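We count ligands from 1, going down the list as the structure has it; atoms in each ligand are counted the same way. Keep in mind it's a predicted model, so treat the numbers as computed, not measured.
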Amino acid sequence: MADFLSAYSIQNWLESCPQAYLEGTEYGHQPGENEPEDLLANEVLREDAIRTTVQLVVGEKCALAASSGLINAAPDEGSKCFLATQTLDEARHVEVFTQRLIDLGVKKKDLDETIRRHANPNLVRFAEVLLEKVDKKDFVAGVVGQNIVLEGMAFSVFEMLKAVTDAVNPKFAHTLAGTIADERRHVGFGENRIGSLIKQHPERKPEIEQMQKDMSYHMLATFAASFRNNPAREQIEQVKEGMRESGVNAEYHGANLSELSPEEMEGVLSDTVLEEFKVRLGRIGIDYQTPARP
Ligand SMILES: [Fe+2]
Ligand SMILES: [Fe+2]
């Protein structure tokens with residue numbers, strides 16, 4: 001427990017996050033970095049970037065509500081302190097992605113409406129399943145739903161987005177790099193803290209497994225909606241063609257994303273996240289449930 005406490009302490013958080021990889025950053029990126037001119041000038045791509053960023057804001061708002069809500073449900077001081085640091089991380093993620101909406105040209109007064117209009121209903125449902133557990137102060141289910149399912153998904157989505165934007169949008173890629181580092185810490189906490197609690201409460205397993213199955217389905221439906229029938233499909237294909245021509249390798253789990261169709265990208269992302277769930281849930285003694293495919 002001593003190692004656990006120091007690894008997830010506020011002191012460790014200060015030294016590894018605000019005083020380390022976030023030092024000198026501005027909304028998660030280097031000061032002076034901007035969204036690329038050709039993105040801002042292309043109405044279809046700009047709209048697509050807004051739509052994508054809204055999903056990140058929705059996911060992060062859910063993580064903020066969950067991590068803050070779980071503080072009072074946590075059975076020990078170490079978990080409370082860690083969740084307090086996570087709460088600030090998630091609030092920062094909400095802030096940096098909201099700032100990106102503004103950088104993409106959304107007016108402050110239109111933020112709420114823009115988020116409402118573009119929020120994927122499947123992602124909203126995904127968040128509701130988790131927040132129902134948090135509202136009941138169900139610490140074990142809440143941590144599995146948040147730190148393994150939600151953050152496992154966020155982690156993989158951010159890595160894919162970073163792979164496609166590294167070469168074409170360093171500003172956004174830098175923002176993503178910091179959030180990925182945060183999510184890695186959050187996922188680690190979930191695994192380390194919850195395994196022993198599941199052992200003490202094996203009777204909770206069926207309900208938690210059902211939650212994972214439900215959340216996984218809503219996640220796959222969110223991916224399906226984002227990759228299939230994207231109104232920006234043609235323009236995105238042109239960007240990918242440009243990347244191939246300039247020899248950019250958008251490497252993600254062994255694939256060059258610029259060579260994949262949207263449906264193939266959806267397949268790689270879904271398989272990556274589900275495989276990750278299987279491994280992480282296995283480590284804490286939960287049997288992974290295969291969700292229906294939308
Ligand atoms: Fe987050
Ligand atoms: Fe997180």
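Residues L260 and Y252 are not in side-chain contact: their nearest non-hydrogen atoms beyond the backbone lie 4.5 Å or more apart.
The aromatic rings of H186 and H93 are tilted relative to each other, their planes meeting at an angle between 30° and 60°.
A salt bridge links K133 and E207; the closest N-O separation between the charged side-chain nitrogens and carboxylate oxygens is under 4.0 Å.
For F97 and F158, the distance between ring centers is under 6.0 angstrom.
Protein N/O/S atoms found under 2.8 Å from the Fe ion (ligand 2), listed by chain and residue number: E90 OE2, E151 OE1, E183 OE1, H186 ND1.
Looking only at distances, a side-chain donor or acceptor of Q55 sits under 3.5 Å from a matching main-chain atom of H118. The closest donor-acceptor contact from the side chain of K80 to the backbone of I71 lies under 3.5 Å.
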